[in-house]
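Structure record follows, encoded as C-alpha cells.
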Amino acid sequence: MEIKFSSDEMDVISRSGYLRRYARNEVIYLEGDAANTLCFIRNGRVRIMLATPEGDELTLEIVEKGRLFGESSFLSRSLRPTTVTAVTDVDLICCTIAQLIPCLCQNPAILTKLLQHCSGTMNHLSYSLHSFRFMDRRQRIASFLLTETGADNPDKEISGQCLPYTHEEIAMCLGLARPTVSQVLKEFERSGWVRCAYGRVYVLDRASLAGTVSPQGRER
C-alpha cells in the first residue's frame, strides 16, 4: 500500500517549506545536483529516473499526489542519485530537513508516514532489482501490470483494472525496448489476459498474469 499525506497534513507541512511549480516535462532536479530539499507532491505526478551520458534512461517510479521524493537530502552534503522530471504540471512543497524537523516533532503522525514512505521506497527498489535480475521480459511486464492495477489510484488515473500508459511509457518504466513491450502485450492480448487500446492497457485475467510471474500463481 502506498503511503500518502492527506491535504490537511500537506497544509501543516507547507508551513515548514515553500511552494514550487513545474510545468509538464520540466526538469525538477538532475542526478548529481546538491541534495538539499525534500519534496512533497501537492498536485501532479513526477518521474524518477536514471540516465546515462549516452542518453539512455530507466524510469524507477512514477510518483503522484500525496507522496514525496528526494530522500537523499537526509544525508549531509549528499548529491541527487536520480533525475526527476514533471509528468504533468506539478505543485511541490519543498523543505530542508532543518525546516522540517520542528514539524515532525510536533506531528508524530506525519513523522510515522515519512518513515513508512522511506521504508516503502527501499522495498520498491529491492523489488526492482529482483525483477531486473531474476525475471524475464514476460514476467516483468506481467508483474508491472498486476502491481500498478492492484488498486484504483485516481492520482495516477488508474481505475477499473486500466493502466493509462502507452507501450513507450511501460518500456521506460521497465528498462525494456518498446518493440519488446508491444510484442509481449500482443501475446497477452491474444491469450485474452489484457486488452490494449490507445494509451491504455486493460487487465482482464489477473490469475493468468500472476501464473506468468510465478509458477505458483502468486502476485509478487
Side-chain angles (χ1 to χ4, degrees), residues 1-4 22-28 41-51 55-67 69 82-91 120 124 127-128 130-132 134-220:
M1 179 179 178
E2 293 179 340
I3 305 301
K4 294 190 177 185
Y22 293 87
R24 179 180 181 181
N25 296 325
E26 190 174 355
V27 174
I28 296 171
I41 305 175
R42 184 140 209 168
N43 287 295
R45 298 193 298 276
V46 305
R47 175 187 175 203
I48 301 175
M49 64 180 181
L50 297 172
D56 295 324
E57 297 177 351
L58 172 62
T59 297
L60 298 178
E61 192 174 7
I62 303 295
V63 183
E64 73 278 17
K65 175 183 175 181
R67 298 180 64 200
F69 61 94
T82 58
T83 292
V84 178
T85 61
V87 175
T88 64
D89 291 345
V90 175
D91 292 340
H124 173 77
Y127 181 76
S128 296
H130 175 274
S131 67
F132 288 136
F134 298 111
M135 290 184 180
D136 63 26
R137 63 185 186 277
R138 296 176 76 254
Q139 291 173 313
R140 287 166 64 185
I141 293 171
S143 178
F144 181 78
L145 295 176
L146 291 169
T147 300
E148 292 298 312
T149 61
D152 287 357
N153 188 333
D155 295 316
K156 282 188 175 180
E157 301 178 8
I158 295 172
S159 64
Q161 303 291 306
C162 173
L163 181 68
Y165 285 17
T166 64
H167 294 192
E168 181 68 28
E169 289 169 331
I170 294 173
M172 287 192 300
C173 288
L174 295 176
L176 296 170
R178 187 200 58 74
T180 298
V181 170
S182 297
Q183 180 183 10
V184 172
L185 287 176
K186 285 180 182 177
E187 177 186 336
F188 289 171
E189 191 168 31
R190 286 195 297 269
S191 298
W193 302 350
V194 306
R195 179 171 66 84
C196 297
Y198 181 76
R200 280 172 166 69
V201 179
Y202 296 85
V203 174
L204 305 179
D205 188 342
R206 296 185 68 84
S208 293
L209 287 173
T212 298
V213 176
S214 168
Q216 288 76 36
R218 296 191 306 270
E219 295 183 25
R220 296 181 180 176

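Since this is a predicted model, take the numbers as computed values, not measurements.
Under the side chain to side chain contact (heavy atoms under 4.5 Å, CB included) criterion, Asp205 pairs with Trp193, Ala207, Ser208, not counting sequence neighbours. Checked against side chain to side chain contact (heavy atoms under 4.5 Å, CB included), Thr88 has the following partners two or more places apart in sequence or in another chain: Arg45, Val90.
Considering all non-hydrogen atoms of both residues, Asp152 and Ser159 come closest at OD1-CA, 3.3 Å. Across every non-hydrogen atom of Ala23 and Ala86, the tightest pair is O-CB, 3.3 Å. Closest heavy-atom contact between Ile158 and Pro164: CG1-CD, 3.6 Å. Looking at every heavy atom in both residues, Met49 comes nearest to Thr59 through CB-CA, 4.0 Å.
Distance check, rounded to the nearest 0.5 Å: OH of Tyr198 to NE2 of His167 gives 11.0 Å. Note that the CD atom of Glu157 and the CZ atom of Arg200 stand 7.0 Å from one another [nearest 0.5 Å]. If you take CE on Met135 and OG1 on Thr212, they are separated by 11.0 Å, rounding to the nearest 0.5 Å. Put simply, CD1 on Ile28 and CD1 on Ile48 are 9.0 Å apart, with the number rounded to the nearest 0.5 Å. Atom CG in Leu209 sits 9.0 Å away from atom CG in Leu204 (nearest 0.5 Å). Atom CD of Glu168 is separated from atom SG of Cys173 by 10.5 Å, given to the nearest 0.5 angstrom.
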- Message: Is there a side chain to side chain contact (heavy atoms under 4.5 Å, CB included) between Ile141 and Leu176? Walk through the geometry before answering.
- Response: CA-CA 9 Å; Ile141 293 171; Leu176 296 170; 3.9 Å; yes

- Decide yes or no on side chain to side chain contact (heavy atoms under 4.5 Å, CB included) for Lys4 and Asn153, but give the supporting numbers first. CA-CA 11 Å; Lys4 294 190 177 185; Asn153 188 333; 3.1 Å; yes

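Taking 4.5 Å as the limit, every side-chain heavy atom of Asp155 sits out of range of all side-chain heavy atoms of Ile41. Here the side chains of Arg206 and Thr149 are in contact, with some heavy-atom distance below 4.5 Å. In this structure, the side chains of Phe69 and Glu61 stay at 4.5 Å or more apart for every pair of heavy atoms. Side chains of Tyr22 and Val46 form no contact here, defined as non-hydrogen atoms less than 4.5 Å apart. Contact check for Val203 versus Leu163: no side-chain heavy atoms found under the 4.5 Å cut-off. Counting heavy atoms from C-beta outward, Asn25 and Thr85 have side chains that stay 4.5 Å or more apart.
In this model, no donor atom of one side chain and acceptor atom of the other lie less than 3.5 Å apart for Thr166 and Arg178.
Side-chain N or O atoms of Ser143 include none that pairs as donor or acceptor with a backbone N or O of Gln139 at under 3.5 Å. In this structure a side-chain-to-backbone donor-acceptor pair under 3.5 Å is present from Lys156 to Ile62. Formation of a donor-acceptor pair under 3.5 Å by the Asn43 side chain with backbone atoms of Lys65 is not found in this model.
The salt bridge (charged side-chain N to carboxylate O under 4.0 Å, His left out) analysis of residues 183-198, with sequence neighbours excluded, yields the pairs Arg138-Glu187.
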